[in-house]
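Just so you know, these numbers use all the heavy atoms, side chains as well, and skip hydrogens, waters and symmetry mates. Every number for a ligand or one of its atoms is a count from 1 in the order of the listing. Values in this document were obtained by computation on a predicted structure and should not be read as measured data.
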Amino acid sequence: MNILNNKLNNNAPIGFVDSGVGGLTVLEKVRKILPNEDFIYYGDTVHTPYGDKTKEQLLEYTDEIFKFFEEKGCKAVVMACNTTSSTIYDIIKDKYNFEIYPIVQSAAIILAQLPIKRLGIFATHGTIQSQSYPREIAKYNKDIEVFGQYCPNWVHIVENSLIYDEQSIKIIENDLKTMLKNKPEKIVLGCTHYPFLLGVLTQFAPKEMFIDPAVDFAEFIKKDLTAKNLINDSKTNGYGEFYVSANPALFKTSAQLFCKLEKDPQLLTFENSIKTISIS
Ligand code: DGL
């Protein structure tokens with residue numbers, strides 16, 4: 001955070017950002033334990049998937065979205081995306097006037113405490129290539145062998161509501177088989193889209209095998225906001241707003257396979273000026 005402008009309003013909203021519906025898996029967990037918080041969710045659906053984008057592209061998209069969060073007066077922004085947390089967090093972490101919570105760095109602290117020797121990570125190309133999970137976990141525990149596997153089709157499957165198609169199930173089963181050859185004791189769902197696929201994954205491996213890092217991430221956010229006196233004390237139920245950069249109707253349909261949105265998403269793009277359109 002930019003310490004020169006360190007005057008944050010504890011009753012201001014929290015921003016959440018991802019390339020699409022994936023960040024909803026984080027939002028849901030945060031809302032469960034922080035029900036009074038207001039939030040603004042941005043799904044950058046026009047640029048999805050983030051996993052194949054360059055660092056420069058991700059910096060450009062993120063800068064526009066973070067400026068929007070600044071205009072909205074957010075006190076904190078949750079990077080509900082492993083790919084941007086892995087590739088650009090270190091570059092942008094001090095640039096904006098709010099707290100920034102990246103999922104990988106926070107989750108690694110907890111993952112490093114697991115009493116295991118072999119940990120698998122399913123993630124996007126960008127996250128695997130960055131080596132962020134093995135690097136971050138090794139900061140706290142050098143005895144866990146971390147091996148990553150890139151799942152090229154999974155984000156597309158989730159974004160397009162194809163989870164229970166025969167072909168998708170086959171793809172997911174095959175990727176899981178490859179992972180299981182490494183004999184992991186646990187597998188981290190290292191992309192926020194992947195918890196949408198738990199219904200399929202658990203057809204082929206026990207539920208206890210999979211770790212959704214968002215559970216501990218949400219606890220970390222709560223603890224940190226509390227320590228910084230940034231918890232919303234207005235005692236009313238938090239409100240939410242959803243924005244996407246393309247195709248609000250598809251976002252709504254895909255989101256519904258995980259949670260019900262209490263409000264329709266609005267289209268918001270940053271070309272020239274900010275424009276918003278609600279879907280009917
Ligand atoms: N859900 C994001 C992540 O956690 C981005 C996935 C993508 O768009 O490739 O990595």
Of all the atoms in ligand 1, which lie at a distance below 4.0 Å from a heavy atom belonging to [X]?
| X | value |
| --- | --- |
| Val155 | 6 (C), 7 (C), 8 (O), 9 (O) |
| Thr48 | 8 (O) |
| Ser19 | 5 (C), 6 (C), 7 (C), 8 (O) |
| Thr124 | 6 (C), 9 (O), 10 (O) |
| Gly51 | 7 (C), 8 (O), 9 (O) |
| Pro49 | 7 (C), 8 (O), 9 (O) |

For Cys81 and ligand 1, does the shortest N/O to N/O distance drop below 3.5 Å? no
Give a yes or no on whether a salt bridge exists between [X] and [Y], defined as a side-chain N under 4.0 angstrom from a carboxylate O.
| X | Y | value |
| --- | --- | --- |
| Glu185 | Arg118 | no |
| Arg31 | Glu37 | no |
| Glu136 | Lys139 | yes |
| Lys186 | Glu208 | no |

Please find out if less than 6.0 Å separates the ring center of Trp154 from that of Phe196. no
Quick check: do Val158 and Val21 have side-chain heavy atoms less than 4.5 Å from each other? yes
Nearest protein heavy atom with distance in Å, relative to [atom]:
| atom | answer |
| --- | --- |
| atom 7 (C) of ligand 1 | Tyr50 N, 3.2 Å |
| atom 3 (C) of ligand 1 | Asn82 N, 3.3 Å |
| atom 2 (C) of ligand 1 | Asp18 OD1, 3.0 Å |

Working note: Ile221 + Asp224, criterion side chain to side chain contact (heavy atoms under 4.5 Å, CB included); need CA distance, chi angles, decisive distance, verdict. CA-CA 5 Å; Ile221 293 166; Asp224 199 70; 5.9 Å; no
Using a 3.5 Å cut-off and no angle test, enumerate the donor-acceptor pairs between side-chain atoms of residues 161-170 and protein atoms at least two apart in sequence or in another chain.
{"residue": "Ser161", "atom": "OG", "partner": "Ser254", "partner atom": "OG", "Å": "3.3"}
{"residue": "Ser168", "atom": "OG", "partner": "Leu162", "partner atom": "O", "Å": "2.6"}
{"residue": "Lys170", "atom": "NZ", "partner": "Glu173", "partner atom": "OE1", "Å": "3.1"}

Below 4.0 Å, non-hydrogen atoms only: which portion of Thr83 touches ligand 1? Side chain, backbone, both or neither. both
